[in-house]
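Below is one structure, written out as structure tokens; the observations come after it.
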Amino acid sequence: MKAVFESSRTFGLFTAYFDEELYRYAKAYYENHVFERSCYMYAVFGVTKVLENVEISQRNHLPYRDMQRFLEQDFAIIHEDKDKQLPDKFKPYFTGRLDVKFMSKEQTDFQIVSASDEEVKIEKPDWFNKDGVGYVIQSYIGELEFTARAKTAGKINLYLRGSDVRSPEDNSKRIPYWIDFTKFIVNDKIIFDKVIPVWHDKPYIYKMDVKAGEEIKIQVEWLPHGNN
């Protein structure tokens, strides 16, 4: 039960409705007090039941048959059933983001040739296309492979980060949604093959030189932060 409470699924479900501080408080409280095992179990079930009732009231449909179905309905295993769409409120916990910036003396175009993920979102925002060519690439599937081509020689900066989510109270402040990148490969060269936690304001940065006409293949994999 402790593992369930501390899992990324329960954390995502809890913080979808309540402030993260409340979750941290509950976790710290149980870590610093001695309880009978049944007390911890009842507390977890109690919290989950409250969330279940909130979810039911929002969706206005009949109660779920059991707790397992309740969890699985929102937290679909995306790799096994890609027809299931992840609810928007949970996407920041699953979304990996790559910012790709190409810079050269000629300032010629830099193109994303292909992407393996049907759910991938590729943008070329104006703010990221000053002093170079920049793309923002996002997906919640957990793995992505894409190929880019440089027309001229130059430099590429790659930023691995999480979603840009702003505070409802203050749009100038970002909410830190952490993502665990687990693999990063450039042109079949393994850059890392271990857990690297990032969020929007604390990215993993990789820089490389490219030749004129060169194609660059990028492969990344990631998981929700703290996922076991």
Side-chain angles (χ1 to χ4, degrees), residues 78-79 86 88 90-167 170-227:
I78 300 169
H79 290 288
L86 189 69
D88 288 340
F90 298 128
K91 282 184 180 178
Y93 297 100
F94 291 83
T95 299
R97 170 172 163 174
L98 290 86
D99 292 1
V100 185
K101 186 66 173 283
F102 173 72
M103 293 162 289
S104 69
K105 292 180 180 179
E106 290 82 0
Q107 295 295 317
T108 53
D109 200 12
F110 175 70
Q111 298 177 335
I112 304 296
V113 180
S114 64
S116 62
D117 178 5
E118 294 179 357
E119 300 298 331
V120 69
K121 182 180 180 182
I122 302 176
E123 297 177 302
K124 196 176 178 183
D126 292 338
W127 61 264
F128 202 37
N129 280 268
K130 298 174 182 178
D131 302 321
V133 181
Y135 293 90
V136 174
I137 305 170
Q138 299 185 83
S139 172
Y140 61 83
I141 297 298
E143 58 185 12
L144 174 64
E145 176 182 317
F146 69 91
T147 303
R149 182 186 297 122
K151 286 188 177 181
T152 59
K155 296 182 180 293
I156 290 179
N157 292 347
L158 294 166
Y159 304 84
L160 278 59
R161 55 184 15 138
S163 298
D164 181 359
V165 183
R166 304 300 177 111
S167 168
D170 185 352
N171 191 56
S172 66
K173 294 182 179 179
R174 289 190 179 94
I175 301 173
Y177 283 91
W178 289 84
I179 291 292
D180 289 348
F181 277 89
T182 57
K183 186 177 290 186
F184 180 32
I185 301 174
V186 178
N187 289 341
D188 298 323
K189 176 186 176 182
I190 297 176
I191 308 304
F192 66 74
D193 189 10
K194 61 180 181 179
V195 174
I196 303 288
V198 302
W199 72 282
H200 183 280
D201 288 3
K202 290 188 178 180
Y204 177 90
I205 304 173
Y206 180 78
K207 301 180 180 182
M208 61 183 290
D209 295 324
V210 293
K211 300 175 183 178
E214 181 180 3
E215 285 196 354
I216 304 96
K217 183 172 73 172
I218 310 294
Q219 298 167 272
V220 288
E221 296 181 11
W222 65 90
L223 292 167
H225 184 54
N227 186 73

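Side-chain atoms are counted along with the backbone in the values below, which use heavy atoms only and exclude waters and symmetry mates.
Shown here for Ser104 and Gly154, the closest heavy-atom pair between the two residues is CB-CA, 4.1 Å. Of all heavy-atom pairs spanning Lys91 and Tyr140, the tightest one is CE-CE2, 3.6 Å.
Rounding to the nearest 0.5 Å places NZ of Lys211 at 14.5 Å from OG1 of Thr152. Separating the CD1 atom in Ile191 from the CD atom in Gln219 is a distance of 11.0 Å, to the nearest 0.5 Å. To the nearest 0.5 Å, the span separating CZ on Phe181 from CZ on Arg161 amounts to 10.0 Å. To the nearest 0.5 Å, atoms NE2 (His200) and CD1 (Ile179) are separated by 13.0 Å. Between the NZ atom of Lys101 and the OH atom of Tyr159 there is a distance of 7.0 Å, given to the nearest 0.5 Å. The line from CG of Leu158 to CE of Met208 is 7.0 Å long, rounded to the nearest 0.5 Å.
Side-chain contact between Leu160 and Val220: present, with at least one pair of heavy atoms (C-beta onward) separated by less than 4.5 Å. Residues Ile137 and Val120 have side chains in contact (heavy-atom distance under 4.5 Å, counting atoms from C-beta outward). A heavy-atom distance below 4.5 Å is found between the side chains of Trp127 and Val136. Inter-residue side-chain proximity for Val198 and Pro203 is flagged as unmet; no heavy-atom pair is nearer than 4.5 Å. Residues Ile218 and Glu145 form no side-chain contact, since every pair of their non-hydrogen atoms from C-beta on lies 4.5 Å or further apart. Inter-residue side-chain proximity for Arg149 and Glu214 is flagged as unmet; no heavy-atom pair is nearer than 4.5 Å. Proximity of Met103 to Asp131: side-chain heavy atoms (C-beta onward) are nowhere separated by under 4.5 Å. Considering only heavy atoms from C-beta on, Glu221 stays 4.5 Å or farther from Leu144 through its side chain.
Relative orientation of the Tyr177 and Tyr93 rings is perpendicular, given thresholds of 30° and 60° on the angle between their planes. Between Phe184 and Tyr206, the two ring planes are perpendicular [angle over 60°; tilted spans 30° to 60°].
Remark: the backbone N or O of Lys183 is not paired with any side-chain donor or acceptor of Asp193 at under 3.5 angstrom. For the pair Asn171 (side chain) and Ser167 (backbone), a donor-acceptor distance under 3.5 Å is absent. With hydrogens and angles ignored, the 3.5 Å screen pairs a side-chain donor or acceptor of Ser139 with a backbone N or O of Ile141. No donor-acceptor distance shorter than 3.5 angstrom exists from the side chain of Asn187 to the backbone of Lys189, with no hydrogens or angles considered.
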Decide ring pair (Phe, Tyr, Trp, His ring centres under 6.0 Å) for Phe110 and Phe102; before the verdict, give the C-alpha distance in whole Å, the side-chain angles of both, and the deciding distance to 0.1 Å. CA-CA 7 Å; Phe110 175 70; Phe102 173 72; 4.8 Å; yes
One pair to check against side chain to side chain contact (heavy atoms under 4.5 Å, CB included): Asp99 and Tyr135. What are the steps and the verdict? CA-CA 6 Å; Asp99 292 1; Tyr135 293 90; over 6 Å; no
Could you go through the ring pair (Phe, Tyr, Trp, His ring centres under 6.0 Å) check for Tyr204 and Phe192 one step at a time? CA-CA 11 Å; Tyr204 177 90; Phe192 66 74; 5.0 Å; yes
Between Ile175 and Trp199, is a side chain to side chain contact (heavy atoms under 4.5 Å, CB included) present by the stated rule, with each step listed? CA-CA 9 Å; Ile175 301 173; Trp199 72 282; over 6 Å; no
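More than 12 non-hydrogen atoms from other residues, nucleotides or ligands lie less than 6.0 angstrom from CG of Asp201. Residue-environment remark: NZ (Lys124) exceeds the threshold of 12 foreign heavy atoms within 6.0 Å.
Qualifying salt bridge (charged side-chain N to carboxylate O under 4.0 Å, His left out) partners for Asp164, counting only residues two or more places apart in sequence or in other chains: Arg166, Arg174. Legend: residues meeting salt bridge (charged side-chain N to carboxylate O under 4.0 Å, His left out) with Lys202, ordered by chain and number and at least two apart, are absent.
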